[in-house]
Amino acid sequence: MDMLGSLKLWLKHDDSKLAKTCHRYIRGVMHFSIPVIPVLHPFMLRVHLFISLFFANVLRITYWTPLFKSRLLTKSSQLYLYSGMPLVLGHLTIELGDNCRVSGISTLSGRSMNGNPSRLVIGNNVDISWQNNIAVGGNIIIEDNVRLSGRVFLAGYPGHPIDPQERAAGLADHESQVGDIILKRDVWLATGVSVMAGVTIGEGTIVAAGSIVTNDLPAGVLAGGIPAKVIKSL
């Protein structure tokens, strides 16, 4: 153990007066802060937020958005890319429609299909919120007006085989484990929804937060649960 670690243990566990006194003073220093000064600190906060927002927008307009659009197969107009640029992994092509809003805190990945790239197709007026994970195993099609809330996972491929010996050997998953995912127009996936490979969700359907969709869902329903089932018609 290093000297710093030994010192921390001594301060926390030694019953001597010296250790307790040192521990008390160190905690006091760690928790010390300057009191809020009326007018001054609220003004400084506003200045900080203005500067942060200004430079974030400059980066979004001049750097992140053109970089991301340079890898698209389509010419997307009115793209609002915020919080950086999505992490794109694997063998993947991306087609993006117009008037979309995409969080940079998202991951888009693709699995090579017999040497060909997987295909992510996103329609017009689509929202992809923060911490989405879109894993394309062949095709994932997200039609117009779809809303993906935070932490949505579209699992078009698992990344590992079922057999434990194959997993231990680092082998890839099998074609039988891979499937397309289709989200029809006006679908809304609430926070934390996972959609498994081979699933189609019908037009206008809403899936409740935290649900796992393992089978197709019809159009115009509210669904939820693990696995997701129809709760009612909308």
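These values consider heavy atoms only, across backbone and side chains, with no hydrogens, waters or symmetry-generated copies.
Within 6.0 Å of the CZ atom in R27, the count of heavy atoms belonging to other residues, nucleotides or ligands does not exceed 12.
No side-chain heavy atom of V29 sits under 4.5 Å from any side-chain heavy atom of Y25. Annotation: side chain of D186 is not in contact with side chain of V146 (no heavy-atom distance under 4.5 Å). No side-chain heavy atom of L73 sits less than 4.5 Å from a side-chain heavy atom of I94. Side-chain contact between S83 and I105 is present, with heavy atoms from C-beta onward closer than 4.5 Å. Proximity of Q177 to I162: side-chain heavy atoms (C-beta onward) are separated by under 4.5 Å at one or more points. Taking the side chain as every heavy atom from C-beta outward, V121 and N139 never approach each other to under 4.5 Å. Two residues are said to be in side-chain contact when any heavy atoms from C-beta on lie closer than 4.5 Å; K232 and V221 fail this criterion.
Remark: L92 CG to I140 CD1 distance equals 9.0 Å, nearest 0.5 Å. The structure places CD1 of I201 at 11.5 Å from CD1 of I206, a figure rounded to the nearest 0.5 Å. The structure places CG of L120 at 8.5 Å from CD of E95, a figure rounded to the nearest 0.5 Å.
Every side-chain contact (heavy atoms from CB on, under 4.5 Å) that T107 has, sequence neighbours left out, goes to L87, L89, N133.
When every heavy atom of I181 is checked against every heavy atom of L154, the shortest pair comes out as CD1-C, 3.9 Å. Between G224 and I231 the shortest heavy-atom distance is N-CD1, 3.7 Å.
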Full working for side-chain hydrogen bond (donor to acceptor under 3.5 Å, both in side chains) between N125 and D144: CA-CA 6 Å; N125 190 32; D144 297 349; over 6 Å; no

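Inspection of the Y157 and S118 side chains reveals no N or O donor paired with an N or O acceptor under 3.5 Å. With no hydrogens or angles considered, no side-chain donor-acceptor pair links H160 and E166 at under 3.5 Å. In this structure, a donor-acceptor pair under 3.5 Å is absent between the side chains of N124 and N99.
Alongside L40, the hydrophobic cluster contains I37, M44 (criterion: ILVMFWY side chains under 4.5 Å).
Residues E175 and R111 are paired through a salt bridge, judged by an N-O separation under 4.0 Å between the basic side chain and the carboxylate. Residues K184 and E143 are paired through a salt bridge, judged by an N-O separation under 4.0 Å between the basic side chain and the carboxylate.
A donor-acceptor pair under 3.5 Å is formed between the side chain of S149 and the backbone N or O of L189.
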